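Have a look at the structure that comes next, please.
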There are 2 protein chains.
Amino acid sequence: MTSNPIEQFEASAQLFKALAHPARLAILDILRDGEQCVCHMEAVLGFRQAYLSQQLAVLREAGILQDRREGWNIYYRIVREDVLNILHTVHSSLPEQIPSAKAHSCDCPKCKRKDAPAAEPQTFFMANQAG
Amino acid sequence: MTSNPIEQFEASAQLFKALAHPARLAILDILRDGEQCVCHMEAVLGFRQAYLSQQLAVLREAGILQDRREGWNIYYRIVREDVLNILHTVHSSLPEQIPSAKAHSCDCPKCKRKDAPAAEPQTFFMANQAG
DNA sequence: TCATCACATTCAACTCCTTGAATGTAATTG
DNA sequence: CAATTACATTCAAGGAGTTGAATGTGATGA
């Protein structure tokens, strides 16, 4: 098993395949600061809801994201530390980085009018740490 | 320019797209130790020559590899430090790593019978450093 | 210049990814 | 339980990646 060079790198290739899309990288860029609800990403990125949900599904099925329901909203977060490191490496090599307004708690009208809980900045995921 | 979230991550997505293939990851794994001729990769990986050349072209056109001719042989090397860092990150998170025989100078029969120059272990590329 | 070696490129069939449109579902409110 | 909210899933057409087969190209040696 995993004797040939193809099988040996299949898993890594699958990971990179999930990252090989600008929309999904934009999603992960938002989630680097911590978990966010879907409506927040929808407002910040300007994607249609169904489209955003499709891209989230790809990242979820790749094991990169995990979701958590809280009433009407569903919050996504990055659950793979190596992905955070990879994103950091790539962003460091970029010519310039746009700060963007995504760092704010939650500017989207949907979240604001419902006074949703803001995302707390985290180093990595604090859940899933032996409950 | 680069105002929308799609354009902003296009370049990174292109990079990941080039990495999203097990054969190309196997190639890069060999080149992590330094430059190697095509016949070496052909022997170690067991790929057909044309197939290997196609995958090398993808990595070359993505700006990840650079080639250098030396007589009959063409030597490839990694010219992007961020890619080396990304590969290191991914390999660190893998469950187990197969040492493999790729670290040896050049075991392939073609290279051996011609007594080709062995690959010298390098930290990063030493060429392209202001000539 | 012709034959050979090492490697690159083109082509075509196939598969996988992309993405808009439509529809489905769990939680909440009344 | 019916309506609403927030999000997920399915479907299909178009586009892009994959890969075997055939062919092309530059360097070397006679």
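Because only heavy atoms are used, hydrogens play no part in the values below, and waters and symmetry mates are left out as well, while side chains stay in. First the proteins, then the strands, lettered A, B, ... as listed; each starts at 1. The shown structure was predicted, so the numbers you read here are calculated from the model rather than taken from an experiment.
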Using atom types as modelled and distance alone, determine if a side-chain donor or acceptor of R69(A) lies under 3.5 Å from a backbone N or O of G71(A). yes
Could you pull out all residues at least two apart from Q49(B) that satisfy side chain to side chain contact (heavy atoms under 4.5 Å, CB included)? E42(B), S53(B)
Whole-Å distance between dC16(C) P and H21(A) NE2? 18 Å
Which is true for F47(A) with a 4.0 Å heavy-atom rule: it touches a base, it touches only sugar-phosphate, or it touches nothing? nothing
Can you check the K17(B) NZ to dC16(C) P distance for me, whole Å? 17 Å
Please tabulate the protein-to-nucleotide N/O contacts below 3.5 Å involving nucleotides 27-30 of chain D, giving atom names and distances.
unit_1: dA27(D); atom_1: N3; unit_2: W72(B); atom_2: NE1; d: 3.3
unit_1: dT28(D); atom_1: O4'; unit_2: W72(B); atom_2: NE1; d: 3.0

Taking DNA chain D as the partner, which of residues 50-65 of chain A come within under 4.0 angstrom of it by heavy atom? A50(A), S53(A), Q54(A), R60(A)
Would you please indicate yes or no on a ring centroid separation below 6.0 angstrom for F9(B) and H91(A)? yes
Please state how far atom CD in Q14(A) lies from atom C1' in dT18(D), giving the value in whole angstrom units. 14 Å
For residues 11-28 of chain A, which residue pairs qualify under side-chain hydrogen bond (donor to acceptor under 3.5 Å, both in side chains), counting only residues two or more places apart or in two chains? R24(A)-Q55(A)
Between V79(A) and G63(A), what is the shortest heavy-atom contact and its length? CG2-O, 3.5 Å
Rounded to the nearest Å, what distance is computed from the CD atom of residue Q66(A) to the P atom of nucleotide dC7(D)? 18 Å
Check this for me: does the side-chain of Q49(A) come within 3.5 Å of the base of dA6(D) through a donor and an acceptor? no
For M41(A) and dC7(D), give me the distance from atom CE to atom C1', rounded to whole Å. 11 Å
Set of residues satisfying side chain to side chain contact (heavy atoms under 4.5 Å, CB included) with respect to E10(B), sequence neighbours excluded: P22(A), I6(B)
Heavy-atom check, side chain of Y75(B) versus side chain of V38(B), under 4.5 Å: no
So, is R48(A) near the phosphate of dA21(C), with a side-chain N or O under 4.0 Å from OP1 or OP2? no
Between C1' of dC7(D) and CD of E42(A), the distance in whole Å: 9 Å
Separation of I74(B) atom CD1 from dC5(C) atom P, in whole Å? 17 Å
Do Y51(B) and M41(B) sit in the same hydrophobic cluster, where Ile, Leu, Val, Met, Phe, Trp and Tyr count as joined when their side-chain heavy atoms come under 4.5 Å apart? yes
Using whole Å, report how far CZ of R68(B) lies from C1' of dA6(C). 15 Å
Short side-chain N/O contact from N73(B) to OP1 or OP2 of dC7(C), under 4.0 Å: yes
Any residue meeting salt bridge (charged side-chain N to carboxylate O under 4.0 Å, His left out) with R68(B), in chain and number order, not counting sequence neighbours: E35(B), E70(B)
